Amino acid sequence: MPTSKLYDIAIIGAGCVGSAIAQRLSKYDIKTILIEKESDVSMGATKANSGIIHQGYFTTKGSLKEKLCLRGNELIDEIGPKIGVEYERIGAIFCATNKIEHETLEGEYIKSQNRGVEVELITELSRIHEIEPQLNDNVITILHFPRAGIIIPFELTIALAEHAMINGVELNLEFEVVFIKRDTENDVFEIHSDDGKKIKAKTIINAAGIYSDKIARMVGLEDFIIIPRRGEYILFDKDSLPLKKIIFPTPTPASKGIVISKTVHGNFFIGPNATEIESKEGINTTSIGLNEIIAGARKIIKNLPFKKNITNFAGIRASTHQHDFIVEESSIPQFINVAGIDSPGLSSSLAIAEMVEQILKKKCGYKFIKKGDYIPTRNKQILLSDLSEKELSEKIKENPQWGQIICRCEQVTEAEIVEACNGPIPVKNTDMIKRRLRPGMGRCQGGFCLPKVMKIISREKDMILERVTKTGGKSFIVFRRTKLLSSEVIDKGDLL
Amino acid sequence: MENIDVVIIGGGPAGLAAALAAHDEGVSVAILERDHELGGILQQCIHNGFGLRYFKEELTGPEYAQRFINKIKESKINIFLNIMVMQITSEKVITTINPKNGVVHFKAKSIVLGMGCRERTRGAINIPGTRPAGIFPAGQAQRFINIEGYFPGKRVLILGSGDIGMIMARRCMMEGIKVVAVAEVLPYPSGLKRNQVQCLDDYGIPLYLRHTIIDIRGKERVEGVTIAGIDEKWRPIPGTEKTWDVDTILFSVGLIPENELSSNAGCKIASNGGPEVDEFLQTTVPGIFAAGNVLQVHDLVDFVTFEATRAGINAAKYAKDELTIKKDQKEVVYVKPGSDVGYVVPERICGIKNSKEPYGIEFSFRVKNPRQNIIAEIISKGKIIFKRKQKFVLPSEMIHLKVKLNPEDVGEEITINIIEQDSSINVIEKEMLEGS
Amino acid sequence: MDEKASNEVNEKEIICVICPNSCRLRVSQDPKTKEINVEGNLCPRGKKYGISEYSNPVRMLITTMRVEKGKLPVIPVRSTEAIPKSLLIEAVKVVNDTHCLAPIKMGDILIDNILNTKISVIASRDIDVKN
């Protein structure tokens with residue numbers, strides 16, 4: 001094995017938190033590597049959550065959750081436009097249907113005012129229904145946070161990771177950390193993968209989400225354990241319900257309850273429930289869970305359009321018994337834990353990155369010298385929907401692939417898919433294309449476009465169709481040709 | 001801008017028949033097809049059983065399509081392939097894109113919508129479990145096997161006993177893919193008996209009626225599936241679970257008319273998912289007609305051909321200004337699905353009130369439940385104005401009623417009912433329930 | 001005794017698929033006269049179906065064949081008429097081991113006299129040569 005390069009900082013875990021840290025560090029003259037066990041960024045807790053930019057509500061006074069959520073909410077305006085990620089501040093409302101709930105909202109109203117947050121408590125029924133006409137008639141009070149917003153978590157994460165890469169951060173995908181050796185003589189960590197690869201770094205930032213307790217144990221830390229919690233969701237078709245706001249019930253101490261919210265692409269979802277589960281990979285949905293979220297949604301809104309649901313999915317949360325985020329240098333020098341990042345983790349991610357920067361500066365001795373060649377912005381990929389007819393005509397003249405629609409539900413062209421295939425993060429599977437451009441996200445769920453997307457990946461990445469996967473690993477989509485010509489070599493790899 | 005009398009959206013069976021019919025009326029016709037060839041879904045339906053009504057012989061899907069394609073190639077019909085229609089306006093301006101010519105606009109005098117349908121997905125029916133590779137809509141698996149020539153898996157469970165599901169079960173067995181079972185939520189198979197016998201029984205594939213999938217396992221590729229019996233409220237019954245190790249699950253759980261373009265053009269969409277039409281198969285936007293699965297999901301392609309032929313003729317007549325329809329809403333008679341009827345096409349009749357003589361109309365509809373010894377009746381102004389006896393009706397089979405109604409018998413609304421001659425027993429349902 | 005035993009072996013239950021009645025036919029063959037007896041049918045068409053399903057059940061052979069140099073990798077094919085059900089799987093294997101060369105026209109004979117049945121396997125559609 002060649003002598004491995006020495007990095008200053010290795011971030012383990014390329015979820016929204018790991019990627020936000022990478023993006024933040026990429027500004028400086030620090031050799032950083034982002035390590036991820038999956039085939040893409042944003043594959044853990046980030047992949048499937050509510051996608052809400054919260055406004056600090058219902059957090060404990062003085063907690064990191066409160067502080068970082070509020071700061072994260074501000075930072076998105078600074079960073080979002082620079083890295084080309086879409087978000088919308090549509091505002092969130094909490095709904096009370098009885099006196100006790102009303103009192104809870106009143107209490108939170110005062111707390112929020114004390115936090116200096118823009119907030120409004122509304123009891124006038126006509127105004128309630130003006131703000132959100134889809135609410136049930138039994139809603140008597142709403143608490144309105146106009147600066148809450150919506151964002152697609154994996155779009156944010158991809159944008160952060162790509163911006164980091166443009167500025168020199170390395171991304172090492174499909175690198176599953178199995179053990180970490182501390183070389184105390186040289187003050188270096190050796191990070192080993194399951195397939196014998198090795199990365200050396202002076203500092204480790206453990207942002208491994210659901211596996212952050214496992215990573216911490218690799219250096220002998222046992223101060224927290226992650227309790228996986230599953231949240232299930234149902235996603236509905238575009239324009240099937242004209243929602244204006246992110247809608248919450250009145251939270252209980254146990255959970256924020258079933259949310260109903262539109263997405264930046266015009267779909268809407270209901271969910272999540274919260275079930276503690278044993279397996280860190282337990283991302284299945286259940287009949288009980290789906291019924292639970294349907295019942296929850298029906299309590300708050302009138303017209304759940306039942307024939308318009310297009311998919312259901314489950315996400316996983318990395319909770320701890322501490323009930324607050326853990327963002328600190330651990331008892332092991334140069335080993336920073338960023339763990340227990342459950343809700344409002346996505347909202348806080350940019351602020352967590354800022355806090356990690358402070359820790360690196362104050363405790364780990366890093367000098368933050370700006371790179372001379374730092375590129376401050378990442379251009380969003382140009383999409384069909386961004387183009388006028390005239391612009392599109394010119395594009396097609398230059399490159400006929402702009403005229404080939406591959407996904408009709410989301411209107412994605414071959415040219416866009418080819419560009420995504422050759423983007424900063426090497427695209428290898430159909431879900432990676434789906435997260436970047438949305439073919440397969442629509443109402444037909446890939447019924448029409450999947451074979452076409454597979455063929456494009458196969459051509460662009462020069463691999464046989466049988467090797468194209470859905471999500472990496474052994475998630476092969478087709479097995480082999482039904483009939484072979486004598487000239488064709490049979491692929492002997494056991495694909496299924 | 002290309003000016004064309006009649007533009008046909010979609011080159012599947014509906015589009016092909018509509019194009020030929022319009023062309024025979026002497027107008028200029030163009031077919032806009034998004035695929036690289038004509039034929040639509042028929043090209044992947046390689047089994048036989050097509051054409052008995054229309055050609056009076058049994059053909060495979062590709063043969064049925066090829067006969068129309070050959071005729072079209074001999075005609076003056078303009079064929080545009082690899083072209084995607086992005087938008088249709090109520091003024092009948094069609095915006096398309098294609099790799100060769102870029103953005104192209106067509107201005108039509110009339111349009112026939114023939115976009116067909118798409119498959120209902122696993123997500124739309126809330127089937128729980130994980131989301132690994134190996135879960136396919138049955139039609140997509142059919143495409144992989146019959147067009148692309150790839151195995152979508154080795155061991156399969158199929159949910160849904162519609163004709164596509166059962167035909168795919170046989171097709172899988174033919175290619176050496178093991179089908180462990182077919183599960184169906186209804187108490188009876190939702191496809192034809194013939195397919196049950198020749199696609200499942202022939203190969204010893206068990207059919208579990210009143211069962212659904214309650215869990216899908218596997219992180220990367222499907223590893224297993226569990227089905228369970230369901231009670232009358234469709235809740236899984238504990239203790240009835242059956243589990244298989246499979247690598248593939250096919251969903252054959254219904255088809256949905258594909259009407260995003262129609263809806264954006266301003267066509268009103270009816271409860272069955274297709275555009276609301278009158279007796280000329282004209283949508284609520286004058287000059288835009290619809291036929292085939294975009295209008296209503298058909299059981300036999302032959303009926304698509306008949307329906308699309310009518311739409312093509314009417315569209316051509318409209319283009320020639322020969323189709324005179326009174327637009328006065330007071331003159332419209334609305335058609336309502338009554339007892340045990342799911343939907344009726346057409347939803348409204350425009351010409352009957354101004355007719356001096358008995359007015360011919362063709363209704364097509366589906367029943368909600370299998371029934372035996374029924375009467376199909378048409379009611380208006382509180383009176384039965386038409387009735388027909390029928391021995392059997394099944395939800396999987398479309399019913400066609402060709403009737404002549406006296407204008408004076410008809411009020412503002414007519415209702416179509418299915419009633420049992422002897423309502424004390426329902427033999428088919430009873431037998432099927434026992435069978436399960 | 002012997003006769004009775006052979007009678008039991010001989011009887012088959014066949015579901016008629018001619019119409020939605022779906023009669024459950026009990027079909028048996030008289031060991032002496034070789035006459036086939038159908039019970040449970042409501043009409044003569046059922047009897048005819050029962051006899052044919054009992055004595056010589058046949059099915060259409062429907063599958064795909066690999067194409068060389070074609071616009072598509074496989075072509076749908078069918079037998080010109082139904083072949084004995086017992087030969088179906090073997091016949092599919094024969095088709096799987098055969099390939100054809102584009103261009104192909106609908107109706108082209110791709111396999112003549114498959115498994116000595118005097119029945120051919122023909123193309124279900126045209127396939128052009130790949131550019």
Side-chain angles (χ1 to χ4, degrees), chain B residues 36-39 42-50 58-67 69-70 73 142 144-150 167 170-171 173-176 188-189 192-203 370-372 390-394 396-397 427-428 431-432 435, chain C residues 12-25 42-43 49 53 57-68 70-83 85-86 88-93 95-96 99 104-108 121-128 130-131:
Chain B
H36 68 93
E37 62 179 4
L38 295 174
L42 283 173
Q43 298 290 16
Q44 68 181 59
C45 299
I46 66 167
H47 52 278
N48 57 319
F50 299 89
E58 197 169 359
L59 303 171
T60 64
E63 286 173 332
Y64 191 97
Q66 191 76 55
R67 291 199 178 190
I69 294 167
N70 290 348
K73 282 186 178 160
Q142 190 177 44
F144 273 124
I145 298 175
N146 293 345
I147 306 260
E148 314 285 351
Y150 283 92
I167 281 162
R170 173 175 63 187
R171 190 71 192 102
M173 296 302 279
M174 281 279 167
E175 290 288 359
Y188 47 85
L192 302 171
K193 191 82 193 171
R194 176 193 168 90
N195 284 329
Q196 193 191 341
V197 170
Q198 298 197 345
C199 298
L200 304 186
D201 298 354
D202 267 10
Y203 301 93
R371 295 272 181 258
Q372 196 170 27
Q390 195 156 333
K391 192 134 195 231
F392 295 99
V393 286
L394 292 168
S396 56
E397 290 179 11
V427 183
I428 295 190
E431 210 173 88
M432 282 166 170
Chain C
K12 270 189 196 164
E13 191 181 277
I14 291 166
I15 297 172
C16 180
V17 298
I18 301 295
C19 85
N21 257 328
S22 305
C23 295
R24 282 166 199 263
L25 312 177
L42 289 174
C43 77
Y49 177 79
E53 268 299 280
V58 292
R59 297 288 184 266
M60 289 296 285
L61 167 65
I62 303 279
T63 185
T64 58
M65 186 185 285
R66 190 62 201 268
V67 188
E68 224 174 329
K71 251 188 170 171
L72 294 170
V74 289
I75 184 167
V77 300
R78 69 166 171 99
S79 52
T80 45
E81 52 191 279
I83 66 167
K85 197 173 144 184
S86 55
L88 208 52
I89 294 298
E90 210 179 322
V92 167
K93 279 183 192 148
V95 178
N96 283 349
H99 68 266
I104 298 158
K105 286 276 170 209
M106 174 170 73
D108 283 359
V121 174
I122 59 170
S124 253
R125 58 168 288 175
D126 298 356
I127 287 205
D128 293 338
K130 190 178 187 173
N131 303 330

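This one's a predicted model, so the numbers in the text were calculated from it and none came from an experiment. Quick note on labels: first sequence line is chain A, next is B, and so on, each numbered from 1.
Using a 4.5 Å cut-off between heavy atoms, B:Ile69 makes no contact with chain C at all. Only the side chain of C:Ile122 comes within less than 4.5 Å of a heavy atom of chain B; its backbone N, CA, C and O stay farther away. Using a 4.5 Å cut-off between heavy atoms, C:Leu88 touches chain B through its side chain atoms alone. Heavy atoms of B:Asn70 lying under 4.5 Å from chain C belong exclusively to its side chain. Contact of B:Glu175 with chain C is made through the side chain alone, with heavy-atom distances under 4.5 Å. Heavy atoms of B:Arg171 lying under 4.5 Å from chain C belong exclusively to its side chain. There is no contact between C:Lys93 and chain B, counting heavy-atom distances below 4.5 Å. Interface residue C:Leu72: only side-chain heavy atoms are found under 4.5 Å from chain B.
Chain B forms more heavy-atom pairs under 4.5 Å with one residue of C:Thr63, C:Ile18, C:Val77 than with any other, namely C:Thr63. By number of non-hydrogen pairs under 4.5 angstrom with chain B, the leading residue of C:Ile89, C:Val92, C:Asp126 is C:Asp126. The most heavy-atom pairs under 4.5 Å with chain B, out of C:Ser124, C:Pro57, C:Ala123, come from C:Ser124. Listed options B:Glu58, B:Gln66, B:Gln44 were ranked by heavy-atom pairs under 4.5 angstrom with chain C; first place goes to B:Gln66.
Between C:Ser22 atom OG and B:Gln196 atom CD the span is 8.0 Å, to the nearest 0.5 Å. Here CD1 of C:Ile62 is found 10.0 Å from CG of B:Asn146. Values are rounded to the nearest 0.5 Å. The line from NE2 of B:His36 to CG of C:Asp128 is 10.0 Å long, rounded to the nearest 0.5 Å. Annotation: the span from C:Met60 atom CE to B:His47 atom NE2 amounts to 12.5 Å, rounded to 0.5 Å.
Around the NZ atom of C:Lys85, the shell of radius 6.0 Å holds more than 12 heavy atoms that belong to other residues, nucleotides or ligands. Within 6.0 Å of CD in C:Glu90 there are 12 or fewer heavy atoms belonging to other residues, nucleotides or ligands.
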Discussion item. Checking C:Arg78 against B:Asn48 for the side chain to side chain contact (heavy atoms under 4.5 Å, CB included) test, could you report, in this order, the C-alpha distance in whole Å, the side-chain angles of both residues, the deciding distance, and whether it holds?
Written reply: CA-CA 8 Å; C:Arg78 69 166 171 99; B:Asn48 57 319; 5.5 Å; no

Discussion item. For C:Arg125 and B:Glu37: C-alpha separation, side-chain torsions, deciding distance, then whether salt bridge (charged side-chain N to carboxylate O under 4.0 Å, His left out) applies.
Written reply: CA-CA 12 Å; C:Arg125 58 168 288 175; B:Glu37 62 179 4; 2.4 Å; yes

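Residues B:Met174 and C:Val95 are not in side-chain contact: their nearest non-hydrogen atoms beyond the backbone lie 4.5 Å or more apart. The shortest side-chain heavy-atom distance between C:Val74 and B:Glu148 does not fall under the 4.5 Å cut-off.
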